[in-house]
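Structure, as structure tokens:
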Protein chains: 2
Amino acid sequence: MQLQFTAQHVAEATDYEEIKVGCSMGGLLEVLTRPWTLHILWLLSRNGPMRFGALRRAVEGISARLLTVRLRTLEERGFVERSVRPTNPPEVTYIPTPRLADMNLFMEQLHKLSDKWQAEDVLKHTKPHVS
Amino acid sequence: MQLQFTAQHVAEATDYEEIKVGCSMGGLLEVLTRPWTLHILWLLSRNGPMRFGALRRAVEGISARLLTVRLRTLEERGFVERSVRPTNPPEVTYIPTPRLADMNLFMEQLHKLSDKWQAEDVLKHTKPHVS
DNA sequence: CAGTATCCGCCGGGATACTG
DNA sequence: CAGTATCCCGGCGGATACTG
């Protein structure tokens, strides 16, 4: 949209009450922003299929219980497929779906942006005064 | 890894433990996935500048306290600019920055995806059996 | 209007123990 | 290995009251 906003825009910034968060977007955001969720998706979309244990170790600090809960939700939402090999011991692998591949596109974009912004912030922080 | 930002008195009530991801992405995700944050950004990036009250009404269910906390963080991270007109009553407007405009790009993508996925899910639900 | 200060209830999520 | 069941605590965030 627009990059620059003038004082006029500020003055006009009144009655926006009618605009709400879109329904499908709202539900999606609610799921994606639960703790660890994006981290899990980020790992799976970059690494490809991962076993439960590997995921558990990669997502440092998460408990088994919560990882299970998150993966179940992601499975319901169609972001991962759960593949079980009933061996002994069992081997459960979580496989990214095409839907997750779609998400990977903009997760990479966000990753690039985060690098760019961090670089900007570091510059600003190490050079607080203009000489 | 993470920039130190201090808004002690305000932030201490919402002091999340840092999620370790090992790159700039981690700190960003940690901020963005706090409750309401993406909703706020989504609204601002679509609507342009909004006043505090309008934002409060648009982000249905959020309390004034938490909205303030979130906006402070977003200001520190450079996603919004806070503009105060010391009239009586005061008029405070939150203005999207170029950085938020960058984010808008992939938020729109995510929005499109969310619509697409919802449509898919509805189809799958109304047509459980393939004829 | 746009916050801030204070209190406090609730539940998300960790820890632990156990199973197929 | 990949979970599930249960208990329990900390702190997130809402509610309320107040101010410039």
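Numbers restart at 1 for each chain; the letters A, B, ... are given by sequence-line order, proteins then strands. Hydrogens, waters and symmetry mates play no part in the numbers below; they use all other heavy atoms, side chains included.
- Using the six-membered ring where Trp is involved, B:Trp117 and A:Phe79 have ring planes that are perpendicular, over 60° apart on the 30 and 60° scheme.
- Remark: A:Gln109 CD to B:Met103 CE distance equals 11.0 Å, nearest 0.5 Å.
- To the nearest 0.5 Å, atoms OG1 (B:Thr68) and CG (B:Leu55) are separated by 10.0 Å.
- Nucleotide D:dT6 holds its P atom 18 Å from the CG atom of A:Leu66, rounded to whole Å.
- Checked by atom type and distance alone, the side chain of A:Arg70 never pairs as donor or acceptor with a backbone atom of A:Trp36 at under 3.5 Å.
- Close to C:dG12, at under 4.0 Å from its OP1 or OP2, lies no side-chain N or O of A:Trp36.
- For the pair B:Glu108/A:Phe106, no side-chain contact is recorded, criterion being any heavy-atom separation below 4.5 Å from C-beta on.
- In the model, B:Thr33 has no side-chain atom that pairs as donor or acceptor with a side-chain atom of A:Thr33 under 3.5 Å.
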Salt bridge (Lys or Arg N to Asp or Glu O under 4.0 Å) between B:Arg77 and A:Asp121, worked out:
CA-CA 9 Å; B:Arg77 296 287 258 187; A:Asp121 291 342; 5.3 Å; no
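- Not a single side chain to side chain donor-acceptor pair (under 3.5 Å) links A:Thr93 to another residue, sequence neighbours left out.
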Dot-bracket, 5' to 3', for DNA chain C please: Watson-Crick or G-U pairs under 3.5 Å, [ ] where pairs cross earlier ones, | where the partner sits on another strand, dots elsewhere.
||||||||||||||||||||
Under-3.5 Å N/O pairs linking protein and nucleotides 1-4 of chain D:
| from | atom 1 | to | atom 2 | distance (Å) |
| --- | --- | --- | --- | --- |
| D:dC1 | O3' | A:Arg51 | NH2 | 2.9 |
| D:dA2 | OP1 | A:Arg51 | NE | 2.9 |
| D:dA2 | OP1 | A:Arg51 | NH2 | 2.9 |
| D:dA2 | OP2 | A:Gly53 | N | 2.8 |
| D:dG3 | OP1 | A:Arg82 | NE | 3.4 |
| D:dG3 | OP1 | A:Arg82 | NH2 | 2.6 |
| D:dG3 | OP2 | A:Tyr94 | OH | 2.8 |
| D:dT4 | OP1 | A:Arg72 | NH2 | 3.4 |

